[in-house]
Amino acid sequence: MNRDNKTREITDLKLEVIPRQEHGISRKGISENALKVLYRLNKAGFEAYLVGGGVRDLMLNTQPKDFDIATNATPEEVRKLFRNCRLVGRRFRLAHILFGRDVIEVATFRGHHGSEKGDKGEKGEKSASQSNDGMLLRDNVYGTIDEDAQRRDFTVNALYYNIDDFSVRDYAGGVEDLKNRVIRLIGDPETRYREDPVRMLRAVRFAAKLDMTVNDATAAPIPALAHLLRDIPAARLFEESLKLLQSGHGLKTYQLLRDFNLFTPLFPILAEHFTEDRNSKCEQMIELVLKSTDERVASEQRINPAFMFAAMLWYPLETRAEEIAFESGLSYYDAFMVAANDILDEQVKSIAIPRRFTAMIRDIWQLQLRLSRRSGTRAYKLLEQNKFRAAFDFLEMRGEVEGGQLKELATWWDDFQKADRDGRNDMVQVLNKASSVKKVRRRRKVKPRRRKPTQES
């Protein structure tokens with residue numbers, strides 16, 4: 001088999017068993033709940049393996065976020081073994097073993113489409129089906145571990161840790177690709193992407209997260225097939241967008257998504273604001289908010305998707321509001337409110353942002369219009385708003401992008417928050433005086449010139 005990292009494509013799998021003393025994985029790195037599931041399945045006579053990202057991360061000496069398990073037990077057989085089990089999914093039938101908030105996902109080995117085992121569901125319907133474009137609509141076809149390995153997406157995810165003898169089974173040269181830091185699809189890339197277009201997003205996400213390079217054969221079809229993402233349910237793409245942009249490597253992931261033409265299908269409304277040098281105000285804001293998100297994830301601070309979406313969609317909102325105000329004659333505030341609804345309605349068609357987040361997005365946007373009004377008691381009232389802090393953080397980002405008066409306004413609010421009671425009163429009084437002077441100037445009337453009386457002839 002050709003081992004050139006640039007051109008090698010995985011077609012035929014060849015199993016390599018790596019014994020316990022050679023792979024370095026310790027059970028100390030595996031969660032107790034995952035071990036409980038593995039041991040119980042094994043004790044009941046089933047094959048049970050830690051699989052995918054959990055094995056990959058352990059071999060890279062990083063702590064896995066999730067522990068997924070593969071087994072030859074069917075979902076119904078898994079449910080009989082665990083009272084704390086629930087079956088989920090229609091497209092992919094899975095068993096979730098619940099330990100409080102910790103969820104261990106158990107999947108039955110996948111088989112090839114058209115195999116006899118699992119071809120019919122409980123009610124006699126086909127367990128596997130594809131669209132005319134090759135996309136998998138249902139995939140509850142069960143098989144062997146060898147078939148399951150062929151059905152995995154990337155070589156680095158086709159690694160199985162065997163709880164029976166503590167070996168690692170490598171079916172696709174995944175260990176070598178880990179060493180060479182290469183993301184490579186198993187099988188024909190175009191076919192695999194058509195089966196599930198989200199694999200294109202996963203390739204980019206793993207490359208950014210693991211600091212790896214996407215193999216040339218794996219990367220080549222992506223730009224031409226990026227449009228297939230439009231056929232993915234918007235709810236699924238919302239979940240994928242969080243994995244892509246809010247997992248601590250959002251900025252690098254965004255840059256790769258742009259390189260592969262994958263960002264526009266997710267955020268089509270942003271396309272008209274993109275430039276060749278990637279330096280428009282909109283693009284600066286995207287990079288700024290993603291960099292901030294990465295820093296918050298690294299320092300284990302809370303993050304909220306609403307803030308990220310509010311920042312990313314702000315400049316399309318401003319543009320739309322100005323267009324509506326010009327065309328309709330509405331006040332800017334009214335046009336702004338109409339535009340906010342329009343922008344969110346368009347965005348949720350591709351990424352189904354839940355209402356609890358769209359409500360917060362609107363709050364952050366509306367407060368941007370109010371933060372410049374600080375005289376009287378307004379500044380104190382704004383400070384008490386639930387979403388004030390998020391709105392202020394966004395104002396600071398806008399100040400970094402636009403500078404000028406906006407940056408001065410952000411600085412004023414920063415000082416106001418840090419000041420004591422007397423200091424705040426002084427700051428507001430200065431504003432009140434300035435406001436009074438402006439009002440006097442506006443009220444001052446120019447005396448009309450007295451006309452000279454005309455002489456009668």
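Note that CD1 of Ile361 is 11.5 Å distant from CD1 of Ile343, once rounded to the nearest 0.5 Å. How far CG of Leu185 is from CG of Asn215: 8.5 Å, rounded to the nearest 0.5 Å. Of the inter-residue distances, the one linking Gln284 atom CD with Asn279 atom CG reads 4.5 Å to the nearest 0.5 angstrom. With values rounded to the nearest 0.5 angstrom, Leu344 atom CG is found 7.0 Å from Leu313 atom CG.
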request  = In sequence, state the C-alpha distance, the side-chain angles, and the governing distance for Ile30 and Leu50, and then conclude on side chain to side chain contact (heavy atoms under 4.5 Å, CB included).
outcome  = CA-CA 9 Å; Ile30 304 173; Leu50 187 69; 3.9 Å; yes

Stepwise side chain to side chain contact (heavy atoms under 4.5 Å, CB included) test for Ile163 and Leu35 = CA-CA 8 Å; Ile163 197 62; Leu35 288 173; 4.1 Å; yes

task = Check the pair Ser350 / Gln347 against side-chain hydrogen bond (donor to acceptor under 3.5 Å, both in side chains), numbers first and verdict last.
result = CA-CA 6 Å; Ser350 52; Gln347 182 56 55; 3.3 Å; yes

task = For side chain to side chain contact (heavy atoms under 4.5 Å, CB included), just list the numbers for Ile324 and Phe336, CA-CA rounded to whole Å, side-chain angles, deciding distance to a tenth of an Å, and then say yes or no.
result = CA-CA 8 Å; Ile324 292 173; Phe336 183 92; over 6 Å; no

Test log, rule side-chain hydrogen bond (donor to acceptor under 3.5 Å, both in side chains), inputs Asp165 and Asn162 = CA-CA 6 Å; Asp165 62 6; Asn162 189 353; 3.3 Å; yes

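Taking the six-membered ring for Trp and thresholds of 30 and 60 degrees, Tyr254 and Phe263 have ring planes more than 60 degrees apart, a perpendicular arrangement. Ring planes of Trp412 and Phe416: parallel class, angle under 30° (limits at 30 and 60°).
Side-chain N or O atoms of Gln366 include none that pairs as donor or acceptor with a backbone N or O of Asp363 at under 3.5 Å. At least one donor-acceptor pair under 3.5 Å links the side chain of Ser280 to the backbone N or O of His273. Looking at Asn72, its side chain never comes within 3.5 Å of a backbone N or O of Phe46 through a donor-acceptor pair. Judged by distance alone, the side chain of Thr253 and the main-chain N or O of His249 form a donor-acceptor pair under 3.5 Å. Not a single donor-acceptor pair under 3.5 Å links the side chain of Thr293 to the backbone N or O of Gln246. Within the 3.5 Å criterion, the main-chain N or O of Ala340 finds no donor-acceptor partner in the side chain of Trp365. Judged by distance alone, with hydrogens and angles left aside, the side-chain atoms of Thr71 form a donor-acceptor pair with the main-chain N or O of Glu47 at under 3.5 Å. Panel note: side chain Glu77, backbone Thr74; a donor-acceptor pair is recorded below 3.5 Å.
Taking the centre and axis of the six-membered ring of Tyr142, the NZ or CZ atom of Arg110 falls outside the cone set by 45° and 6.0 Å. Geometrically, Arg169 does not engage Tyr160 in a cation-pi contact defined by less than 6.0 Å to the ring centre and at most 45° from the axis.
Listed here is the closest heavy atom pair of Val289 and Ala311: CG2-CB, 3.8 Å. Among all heavy-atom pairs drawn from Pro221 and Ala217, the shortest one is CD-O, 3.4 Å. Listed here is the closest heavy atom pair of Leu266 and Leu257: CD1-CD1, 4.5 Å. Closest approach of Thr155 to Ala172, counting heavy atoms only: CG2-O, 3.4 Å. Smallest separation of non-hydrogen atoms from Val156 and Gly174: CG1-O, 3.8 Å. Pairing each heavy atom of Cys282 with each of Leu270, the nearest pair is SG-CD2, 3.8 Å.
Listed by chain and number, the residues in a salt bridge (Lys or Arg N to Asp or Glu O under 4.0 Å) with Lys179 amount to none (sequence neighbours excluded). Scored by the salt bridge (Lys or Arg N to Asp or Glu O under 4.0 Å) test, Asp259 finds Arg278 as partners (sequence neighbours excluded). A search for salt bridge (Lys or Arg N to Asp or Glu O under 4.0 Å) contacts involving Arg192 returns Glu195, not counting sequence neighbours. With sequence neighbours left out, Glu402 forms a salt bridge (Lys or Arg N to Asp or Glu O under 4.0 Å) with no residue at all. Partners of Arg205 under the side chain to side chain donor-acceptor pair (under 3.5 Å) rule, at least two apart in sequence or in another chain, do not exist in this structure.
Sorted by first and then second residue, the salt bridge (Lys or Arg N to Asp or Glu O under 4.0 Å) pairs with a member in residues 32-41 form an empty list; sequence neighbours excluded. Sorted by first and then second residue, the ring pair (Phe, Tyr, Trp, His ring centres under 6.0 Å) pairs involving residues 174-225 (not counting sequence neighbours) are Phe154-Phe206. Screening residues 279-294 for salt bridge (Lys or Arg N to Asp or Glu O under 4.0 Å), with sequence neighbours left out, gives Arg258-Glu283.
Counting heavy atoms from C-beta outward, Thr144 and Glu147 have side chains that approach closer than 4.5 Å. By the 4.5 Å heavy-atom criterion applied to side chains, Tyr171 and Glu16 are not counted as neighbours. You'll find the side chain of Phe357 stays beyond 4.5 Å of the side chain of Arg362, heavy atoms only. No side-chain heavy atom of Val182 sits less than 4.5 Å from a side-chain heavy atom of Met212. Between Leu15 and Asp170 there is no side-chain heavy-atom pair separated by less than 4.5 Å. The shortest side-chain heavy-atom distance between Val37 and Leu41 falls under the 4.5 Å cut-off. Proximity of Thr191 to Arg194: side-chain heavy atoms (C-beta onward) are nowhere separated by under 4.5 Å. Counting heavy atoms from C-beta outward, Ile145 and Tyr49 have side chains that approach closer than 4.5 Å.
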Could you pull out all donor-acceptor pairs under 3.5 Å where a side-chain atom in residues 300-310 meets a protein atom, sequence neighbours excluded?
unit_1	atom_1	unit_2	atom_2	d
Gln301	OE1	Ser299	OG	2.9
Asn304	OD1	Ala306	N	2.9

Which donor-acceptor pairs under 3.5 Å do side chains of residues 96-108 form with protein atoms, sequence neighbours excluded?
unit_1	atom_1	unit_2	atom_2	d
His96	NE2	Glu105	OE1	3.0
Asp102	OD2	Asn33	ND2	2.8
Thr108	OG1	Ala73	O	2.7

Name each donor-acceptor pair under 3.5 Å that joins a side chain in residues 388-400 to protein atoms two or more places apart or in another chain, with its distance.
unit_1	atom_1	unit_2	atom_2	d
Arg389	NE	Asp393	OD1	3.3
Arg389	NH1	Gln417	OE1	3.0
Arg389	NH2	Asp393	OD1	3.3
Arg398	NH1	Gln368	OE1	3.0

Can you give the donor-acceptor pairs under 3.5 Å from side chains of residues 51-65 to other protein atoms, not counting sequence neighbours?
unit_1	atom_1	unit_2	atom_2	d
Arg56	NH1	Asn157	OD1	2.9
Thr62	OG1	Asp57	O	3.1
Gln63	NE2	Gly29	O	3.3

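A salt bridge is defined here as a Lys NZ or Arg NE, NH1 or NH2 lying under 4.0 Å from an Asp or Glu carboxylate O, and Arg184 with Asp177 meets this definition. A salt bridge links Lys243 with Glu240: the distance from a Lys NZ or Arg NE/NH1/NH2 to an Asp or Glu carboxylate oxygen falls below 4.0 Å.
For CZ of Arg181, the number of neighbouring non-hydrogen atoms (other residues, nucleotides, ligands) closer than 6.0 Å is greater than 12.
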